[in-house]
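By convention in this document, chain letters (A, B, ...) are assigned in the order of the sequence lines, proteins followed by strands, and residues within each chain are numbered from 1.
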Number of protein chains: 2
Amino acid sequence: MTDAGGPLDPRELRAWMAFLAAGHLIDHEIERQLKREADLSHPEFEVLVRLRMAEGNRLRMSHLAREAMVSKSRLTYQVTQLERAGLVKRTGCESDRRSVWAELTPEGIERLDRVRPGHRQLVRETLIEVLSPEEIDLLGDALTRVADRLRAR
Amino acid sequence: MTDAGGPLDPRELRAWMAFLAAGHLIDHEIERQLKREADLSHPEFEVLVRLRMAEGNRLRMSHLAREAMVSKSRLTYQVTQLERAGLVKRTGCESDRRSVWAELTPEGIERLDRVRPGHRQLVRETLIEVLSPEEIDLLGDALTRVADRLRAR
DNA sequence: AAGGTTCAGTTCAAATATGAACTAACTCTA
DNA sequence: TAGAGTTAGTTCATATTTGAACTGAACCTT
């Protein structure tokens with residue numbers, strides 16, 4: 001049994017540091033690309049993507065917050081900004097009057113579709129093309145497990 | 001040749017989404033643990049760790065910023081906060097009077113040593129223990145390559 | 001149907017982050 | 001050694017994030 005609070009062994013440490021570093025660095029590149037090509041922040045982009053994936057290009061705020069992994073108040077802010085920019089609109093929900101739909105506008109769809117090729121290209125360059133197909137599969141398996149565990153906590 | 005701006009194939013997408021999600025979720029847990037046990041934010045903790053790894057528990061601001069992957073102005077802010085909390089102190093550098101040393105105080109060392117076991121434990125629980133040793137090695141290799149590429153850009 | 005609880009979303013003030021502009025110090029070259 | 005260019009770090013104004021408190025609506029339970 002390893003010492004639970006003791007140092008990680010070198011290989012564990014290497015994996016952990018690489019995970020942290022790769023996360024920061026990729027995020028930084030993405031932030032730049034989105035800003036440059038569509039004047040969007042990464043969180044804003046995530047919101048648009050989740051909405052695009054949803055039925056009718058809309059989701060309730062609370063669902064959207066879970067999907068995009070942001071806090072309620074942060075989402076309120078983001079959606080307000082996106083609404084101001086004309087990319088999203090809010091609609092009251094008739095069946096549950098506490099809820100609010102956030103829905104992509106046509107301009108929102110257009111903006112997203114415009115920036116996505118560049119985004120995908122960047123994800124390819126920074127992550128996908130640096131890995132072998134086997135590594136991609138294994139990384140997908142491993143990190144899906146990690147994420148699922150955390151969501152179930 | 002795959003369409004550079006087209007959708008990722010399902011396995012690539014899975015890897016990418018898992019990478020994003022795992023990053024967010026782990027970061028969130030870490031943020032909570034550090035806050036709870038030592039009243040530190042993750043960026044603050046990173047700063048302390050980098051200093052602890054350095055010769056004499058000190059680094060120049062610009063070096064520290066690179067190590068911790070934060071902007072200059074962000075680091076200025078973080079170090080000011082840490083200084084206010086008595087965990088770090090600034091010292092002018094005689095050999096280059098533009099430079100500033102950020103150095104861990106004894107209390108900084110103490111605070112870091114106090115929170116690190118819990119931090120390591122959390123890294124183990126959320127990442128290490130969820131992976132097989134082979135996965136850890138492969139993840140380390142793969143993401144080190146990813147990070148190195150980005151640093152070399 | 002009253003009372004208690006939970007849930008969806010917003011608001012507010014305080015903390016933190018961003019990026020451009022700035023100061024001061026170093027380096028190099030002619 | 002003057003002047004141009006570079007580097008280290010800070011400052012400032014603005015933008016974003018955080019978390020706790022709040023409002024209103026739905027859901028129990030009796």
Nucleotide D:dA15, atom C1' - distance to NE2 of A:His42 in whole Å
18 Å

Taking atom P of C:dA24 as reference, at what distance in whole Å does atom CZ of B:Arg60 sit?
21 Å

Protein proximity profile, nucleotides 15-22 of chain C - base contact B, sugar-phosphate-only contact S, no contact -, cut-off 4.0 Å on heavy atoms:
SBSBB---

Remaining members of hydrophobic cluster (4.5 Å side-chain criterion), B:Leu138
A:Leu138

CD on B:Gln33 to NE2 on B:His42, rounded to 0.5 Å:
9.5 Å

What distance separates A:Ile136 CD1 from A:Ile128 CD1, expressed to the nearest 0.5 Å?
4.5 Å

Rounded distance (nearest 0.5 Å) linking atom CG of A:Asp141 with atom CZ of B:Arg14:
5.0 Å

A:Gly6 to B:Arg120 - nearest heavy-atom pair and separation:
O-CD, 3.2 Å

Looking at A:Trp101, does the NZ or CZ of A:Arg60 lie under 6.0 angstrom from its six-membered ring centre and within 45 degrees of the ring axis?
yes

Please round to the nearest 0.5 Å and tell me the distance separating atom CD of A:Glu46 and atom CG of A:Leu34.
9.0 Å

A:Glu44 (side chain) donor-acceptor with A:Ser41 (main chain) under 3.5 angstrom:
yes

So which protein N/O to nucleotides 4-7 of chain C N/O distances come out below 3.5 Å?
{"unit_1": "C:dC7", "atom_1": "O2", "unit_2": "A:Arg98", "atom_2": "NH1", "d": "3.1"}

Value in whole Å for how far the P atom of D:dT10 lies from CD of B:Glu83:
9 Å

Which residue lies more 5' along DNA chain C, comparing A:Leu75 with B:Glu94 via nearest heavy atoms
A:Leu75

Taking the nucleotide of DNA chain D with the nearest heavy atom to each, does A:Arg97 or B:Val100 sit closer to the 5' end?
B:Val100

Classify the nucleic acid contact of A:Ser99 as base, sugar-phosphate or nothing, counting any heavy atom under 4.0 Å across all strands shown.
sugar-phosphate

Classify A:Ser62 by what it touches in the nucleic acid, base, sugar-phosphate, or nothing, heavy-atom distance under 4.0 Å.
sugar-phosphate

Distance check needed: D:dA8 P versus B:Leu59 CG, whole Å only.
14 Å

Side chain to side chain contact (heavy atoms under 4.5 Å, CB included), that's the test. Do B:Lys72 and B:Met61 meet it? Break it down for me.
CA-CA 8 Å; B:Lys72 297 185 298 176; B:Met61 292 291 281; over 6 Å; no

Between C1' of C:dT10 and CE of A:Met61, the distance in whole Å
9 Å

Over all strands shown, is A:Arg90 touching base, sugar-phosphate only, or nothing at heavy-atom distances under 4.0 angstrom?
sugar-phosphate

In whole angstroms, how far is the P atom of D:dG9 from the CG atom of B:Asp96?
8 Å

